[in-house]
Amino acid sequence: MTTDYTRPSWDKYFMEVVRAVATRATCDRGRSGCVIARDKQILVTGYVGAPRGLPHCDDVGHQMKRVTHEDGRITEHCLRTTHAEQNALVQAAKLGIAIAGGTLYCKMTPCPACAKMIVNAGLARVVCEKRYHAGGESEAMFRQVGLELDYFDESVEKYDRQ
């Protein structure tokens with residue numbers, strides 16, 4: 001019998017599942033996955049990709065949009081894809097799975113649009129592997145509504161054309 005092995009915490013376990021789900025992603029800028037769990041059970045998953053029946057970034061390239069923010073920052077976003085968090089939330093709705101009170105696990109801080117959906121879905125907690133470079137607005141929103149936000153790693157996720 002070996003004594004070296006330590007079972008992962010539930011958070012680590014679900015984050016490993018996020019990484020596995022992300023392997024299905026179809027946008028090479030951020031192969032991202034998402035898991036929504038409650039009571040130590042996976043309820044739904046989602047990964048980043050184009051809506052069903054539409055071409056994927058990996059096949060036809062990105063559909064980039066440049067955004068100039070009020071503070072003068074410029075960021076680029078691919079509009080071809082649906083975020084992993086959005087796909088998980090939609091999957092729950094499609095299947096009639098109640099997710100209120102659950103925890104959402106994801107690769108990085110959700111964007112503001114995803115954050116609003118997470119709040120409205122009644123999720124209680126978000127666990128991210130890393131920070132999103134433009135995640136400040138989402139972090140503030142979660143604090144304001146009392147939604148718990150935890151990070152495995154405080155560093156910022158890096159990807160192409162950030």
Side-chain angles (χ1 to χ4, degrees), residues 1-52 56-58 75 77-78 81-162:
M1 176 162 80
T2 129
T3 57
D4 302 14
Y5 180 74
T6 303
R7 287 177 75 191
S9 68
W10 285 105
D11 285 348
K12 287 182 181 178
Y13 169 73
F14 290 128
M15 194 58 72
E16 284 298 321
V17 176
V18 166
R19 292 180 191 116
V21 171
T23 65
R24 291 284 308 152
T26 61
C27 180
D28 65 4
R29 287 185 71 239
R31 297 212 187 276
S32 188
C34 178
V35 167
I36 299 175
R38 189 180 57 234
D39 299 327
K40 302 176 185 173
Q41 293 288 311
I42 294 172
L43 302 176
V44 291
T45 66
Y47 55 85
V48 69
R52 285 185 187 171
H56 297 288
C57 295
D58 288 351
T75 56
H77 304 273
C78 180
T81 61
T82 303
H83 292 180
E85 299 89 342
Q86 293 167 342
N87 278 326
L89 293 165
V90 168
Q91 188 72 3
K94 180 180 174 186
L95 298 174
I97 297 172
I99 58 174
T103 299
L104 183 141
Y105 295 85
C106 56
K107 186 173 183 176
M108 61 184 143
T109 319
C111 74
C114 288
K116 291 173 192 174
M117 293 179 205
I118 290 165
V119 168
N120 281 348
L123 291 165
R125 183 171 176 237
V126 173
V127 179
C128 309
E129 186 169 32
K130 291 186 177 182
R131 291 182 177 278
Y132 172 44
H133 72 277
E137 185 179 337
S138 299
E139 291 173 348
M141 188 184 319
F142 290 159
R143 275 192 304 275
Q144 189 173 358
V145 300
L147 194 148
E148 185 180 345
L149 175 62
D150 294 306
Y151 291 98
F152 272 79
D153 180 340
E154 294 289 331
S155 68
V156 173
E157 178 71 21
K158 301 289 185 198
Y159 54 91
D160 187 39
R161 296 170 75 179
Q162 209 160 13

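What you see is a predicted model, and the numbers here were worked out from it, not measured in a lab.
Across I99 and A121, no two heavy atoms sit closer than the pair CD1-CB, 3.9 Å. Summarising the geometry of L123 relative to L89, their closest heavy-atom pair is CD1-CD2, 4.1 Å, with the distance given to 0.1 Å. Minimum heavy-atom separation, A88 to C34: CB-SG, 3.8 Å. Shortest non-hydrogen contact noted between Q41 and F14 is N-CZ, 4.0 Å. Shown here for A124 and G101, the closest heavy-atom pair between the two residues is CB-O, 3.7 Å. Nearest heavy atoms, P110 versus Y132: O-CD2, 4.5 Å.
Put simply, the side chain of D28 never gets that close to the backbone of C57: no donor and acceptor are under 3.5 Å apart.
Distance CZ/F152 to OH/Y105: 7.5 Å, rounded to 0.5 Å. Here the OG1 atom belonging to T103 is positioned 9.5 Å from the CG atom belonging to D39, to the nearest 0.5 angstrom. Annotation: the span from M108 atom CE to E129 atom CD amounts to 10.0 Å, rounded to 0.5 Å. Atom NZ of K130 and atom SG of C106 lie 13.5 Å apart (nearest 0.5 Å).
The neighbour count for Q144 CD, taken as heavy atoms of other residues, nucleotides or ligands under 6.0 Å away, does not exceed 12. A 6.0 Å sphere centred on OH of Y151 holds more than 12 heavy atoms belonging to other residues, nucleotides or ligands. For E137, the CD atom is loosely surrounded, since the number of other residues' heavy atoms within 6.0 Å does not exceed 12.
Of the listed residues (P51, C27, S32), just one forms a side-chain contact (heavy atoms from CB on, under 4.5 Å) with T81, and that residue is C27. Screening I118, L43, V35 for a side-chain contact (heavy atoms from CB on, under 4.5 Å) with L104, the sole residue that qualifies is I118.
You'll find the side chain of H83 reaches within 4.5 Å of the side chain of C111, heavy atoms only. Contact check for R125 versus F142: no side-chain heavy atoms found under the 4.5 Å cut-off. Contact of the K116 side chain with the M141 side chain is registered, since non-hydrogen atoms from C-beta on lie closer than 4.5 Å. Looking only at side-chain heavy atoms (C-beta outward), T45 and R24 stay at 4.5 Å or farther from each other.
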Checking Y47 against N87 for the side chain to side chain donor-acceptor pair (under 3.5 Å) test, could you report, in this order, the C-alpha distance in whole Å, the side-chain angles of both residues, the deciding distance, and whether it holds? CA-CA 6 Å; Y47 55 85; N87 278 326; over 6 Å; no

